[in-house]
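See below for the structure under consideration.
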Number of protein chains: 2
Amino acid sequence: MEDVLAPDGRGLKHVAVREYVRSLVTGSAPGSPAPSERELVHQFGVARMTVRQAMDALVVEGLLERIPGRGTFVARPRRAASRITGYTEEMSRRGLLAESQTLLARREQAGPGVARALSLTEGDAVIHWRRLRRADGTPMCLEDAYLNEVLLPGFLQSGMPTSLYDALDGRGLRPTWAEDSITADRATPEEATLLEVDEGASVLRHSRRALAGDKVVEVSRTVYRADRFTLWVQLGHDV
Amino acid sequence: MEDVLAPDGRGLKHVAVREYVRSLVTGSAPGSPAPSERELVHQFGVARMTVRQAMDALVVEGLLERIPGRGTFVARPRRAASRITGYTEEMSRRGLLAESQTLLARREQAGPGVARALSLTEGDAVIHWRRLRRADGTPMCLEDAYLNEVLLPGFLQSGMPTSLYDALDGRGLRPTWAEDSITADRATPEEATLLEVDEGASVLRHSRRALAGDKVVEVSRTVYRADRFTLWVQLGHDV
DNA sequence: TAGTGGTCTAGACCACTAT
DNA sequence: TAGTGGTCTAGACCACTAG
């Protein structure tokens, strides 16, 4: 039989099968059976290899699980390391209202440390954004973020967003990789005043270098009130 | 042509092709070309679909990258969240000598918190292992680990290992998933004495719930000297 | 124009599971 | 025994890239 291709003219029958199966099984309980390969062959009038290509994708995705001799079934959802989140999303996840007060937002020349972290040259233009961040009205942390101005043209002029990560997302720069370091320390006098704690109170210092693909999009240093904040991290993944 | 199968009698030609290609490209620089599919068809005398099955596996693995119209090439290695490590491996990675002094290793009945964290019932038998851990001779942290005795029969009797994670590894219980929480605090008098710091010194408190598959294999609470230890975490992954 | 990967066919035999 | 997924064949046409 010649290759007439699908009615839509694009040779993507396996996509049609894949999305059909996906629509069938999303929402099904793990262990529910998916249609058998030969059943789909008859339904779609395609070759079995085409159906297998469709199912393979769903298996790789972790949606389906094949059991030889028995059939194909909805898989137990895989665990995966949590996506990289910023303060706003993290507080929202905890059921707290995130508010931020910008203390400083300006163009600066990168110092040696920031330049290295942002993969820039010393003296390059960076955006320095300092915020006092609250949760349900109480100071939670003080954050100094440094951004590569080249990646964010007009960022300072366009009015600062509430969520940096949402703003990055909108520019296709959502971080997919982050290198964090965390240590315990005591609040400096300035930090204590802003965070409304006693001088020398316990704080958690959190540094992040966040990348979107190859591009370093954010370097930040945040100091959290230890009496109000515990950092949660999930590590690893299934299979 | 009938299905004579490979010389070894097992119908796994795609494995032979896959491992041949893997051996060719491991060590090659990203961007190096892999053999073309039709080239492998001739070399192995197999059908193209068989070659594609082999290559598909390597693409999913992240070793190869297909570029339509150009060929198949060695992919840039994907970043992936670091594997879950214990103290011994972490110190070794930092070039420090890890030593441990067992302060306590005994069978206990799980209290409510430990029982819940280990997915056990209160009163079930657990192993409680407390260690003072040093790096290059200086106290670094104090760790209380709780283990499910049912998963580790004879663990206490077989002599305590240096590395818990190596011991778990040997029993097929290497953690693949961990839920950590981190906070800053001050050392209690007892902690200060053991860690050889002043009472009230800054410490990092790190709790972990580590799983191997569905099984909770370790629940631990560790207190680190903040003057000696910074926690490093990598998050996210490519694609 | 030659070569590449992308898609697809219409079968086949195998080992395994469930009835 | 019937049904399932696992493997495999020997072709085919397509869009795309590169020389």
Side-chain angles (χ1 to χ4, degrees), chain A residues 1-21 24-25 28 30-75, chain B residues 1-21 24-25 28 30-75:
Chain A
M1 185 189 293
E2 82 269 47
D3 218 347
V4 183
L5 301 188
D8 65 341
R10 288 177 287 110
L12 294 173
K13 301 188 181 182
H14 70 103
V15 173
V17 177
R18 194 222 303 147
E19 296 310 316
Y20 169 74
V21 174
L24 276 187
V25 303
S28 303
S32 310
S36 80
E37 296 178 357
R38 286 162 180 86
E39 200 175 326
L40 290 165
V41 164
H42 291 128
Q43 276 186 43
F44 282 83
V46 298
R48 185 155 163 241
M49 288 304 294
T50 305
V51 169
R52 283 188 66 77
Q53 185 180 8
M55 304 290 266
D56 275 341
L58 297 174
V59 168
V60 166
E61 224 177 272
L63 188 63
L64 296 181
E65 181 186 12
R66 288 196 175 107
I67 305 183
R70 297 227 296 128
T72 304
F73 304 88
V74 178
Chain B
M1 184 190 292
E2 82 269 50
D3 218 346
V4 183
L5 301 189
D8 64 341
R10 290 177 286 109
L12 295 173
K13 301 188 180 179
H14 70 104
V15 173
V17 176
R18 189 213 318 142
E19 295 311 316
Y20 169 74
V21 175
L24 276 186
V25 302
S28 302
S32 310
S36 79
E37 297 178 354
R38 286 164 180 86
E39 200 175 325
L40 291 164
V41 164
H42 291 129
Q43 276 185 44
F44 282 84
V46 298
R48 183 152 164 244
M49 287 304 295
T50 305
V51 169
R52 281 188 66 78
Q53 185 180 7
M55 305 291 265
D56 276 340
L58 297 173
V59 169
V60 166
E61 229 178 88
L63 188 62
L64 297 182
E65 181 185 12
R66 289 196 175 110
I67 304 183
R70 297 227 297 130
T72 305
F73 304 88
V74 178

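Quick note on labels: first sequence line is chain A, next is B, and so on, each numbered from 1. Heavy atoms only: backbone and side chains are in, while hydrogens, waters and symmetry mates are out.
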Check the interface with nucleotides 1-5 of chain D: list each N/O to N/O pair with the protein under 3.5 Å, or write none.
{"residue": "D:dG3", "atom": "N2", "partner": "A:Gly69", "partner atom": "O", "Å": "3.0"}
{"residue": "D:dT4", "atom": "OP1", "partner": "A:Ser36", "partner atom": "OG", "Å": "3.1"}
{"residue": "D:dT4", "atom": "O2", "partner": "A:Gly69", "partner atom": "N", "Å": "3.4"}
{"residue": "D:dG5", "atom": "OP1", "partner": "A:Thr72", "partner atom": "N", "Å": "3.2"}
{"residue": "D:dG5", "atom": "OP1", "partner": "A:Thr72", "partner atom": "OG1", "Å": "2.8"}
{"residue": "D:dG5", "atom": "OP2", "partner": "A:Glu37", "partner atom": "N", "Å": "3.0"}
{"residue": "D:dG5", "atom": "N7", "partner": "A:Arg38", "partner atom": "NH1", "Å": "2.8"}
{"residue": "D:dG5", "atom": "N7", "partner": "A:Arg48", "partner atom": "NH2", "Å": "3.4"}
{"residue": "D:dG5", "atom": "O6", "partner": "A:Arg38", "partner atom": "NH2", "Å": "3.1"}

Quiz prompt | B:Gln53 CD to D:dT9 C1', straight-line distance once rounded to whole Å | solution = 13 Å
Self-check item: Straight-line distance of A:Leu64 CG to A:Phe73 CZ, nearest 0.5 Å
Solution: 10.5 Å
Practice problem: Whole angstrom is fine here: how far is it from CZ in A:Phe44 over to P in C:dC8? | Solution: 12 Å
Quiz prompt | Results of side-chain contact (heavy atoms from CB on, under 4.5 Å) for B:Leu63 - residues two or more places apart only | solution = B:Arg22, B:Val25, B:Leu58
Practice problem: Please list, chain by chain and in numerical order, all residues satisfying side-chain contact (heavy atoms from CB on, under 4.5 Å) with A:Val15, sequence neighbours excluded. | Solution: A:Leu12, A:Arg18, A:Glu19
Self-check item: With A:Glu65 via side-chain hydrogen bond (donor to acceptor under 3.5 Å, both in side chains) - residues at least two apart
Solution: none
Practice problem: Report the distance from atom CE of A:Met49 to atom C1' of C:dA12, rounded to the nearest whole Å. | Solution: 12 Å
Quiz item: Would you say A:Thr72 and A:Pro33 make side-chain contact, with heavy atoms under 4.5 Å?
Solution: no
Quiz prompt | Among C:dT9, D:dT7, C:dT7, the one nearest A:Lys13 by side-chain distance | solution = C:dT9
Self-check item: Heavy-atom check, side chain of A:Glu39 versus side chain of A:Val51, under 4.5 Å
Solution: no
Quiz item: Given side chains that start at C-beta, do those of B:Tyr20 and B:Gln43 come closer than 4.5 Å, heavy atoms only?
Solution: yes
Quiz item: Within less than 4.0 Å of OP1 or OP2 of C:dT9, is there a side-chain N or O belonging to A:Thr50?
Solution: yes
Exercise. Identify, with sequence neighbours excluded, every residue that meets side-chain contact (heavy atoms from CB on, under 4.5 Å) alongside A:Arg48.
Key: A:Glu37, A:Arg38, A:Val41, A:Arg52
Quiz item: Given that both pair distances must be under 3.5 Å and the pair must be Watson-Crick or G-U, what runs of three or more consecutive pairs involve DNA chain C?
Solution: C:1-18 with D:1-18
Quiz prompt | Interatomic distance, A:Asp56 CG vs D:dC8 P [rounded to whole Å] | solution = 14 Å
Quiz prompt | Rounded distance (Å) that lies between atom C1' of D:dG6 and atom CG of B:Leu12 | solution = 9 Å
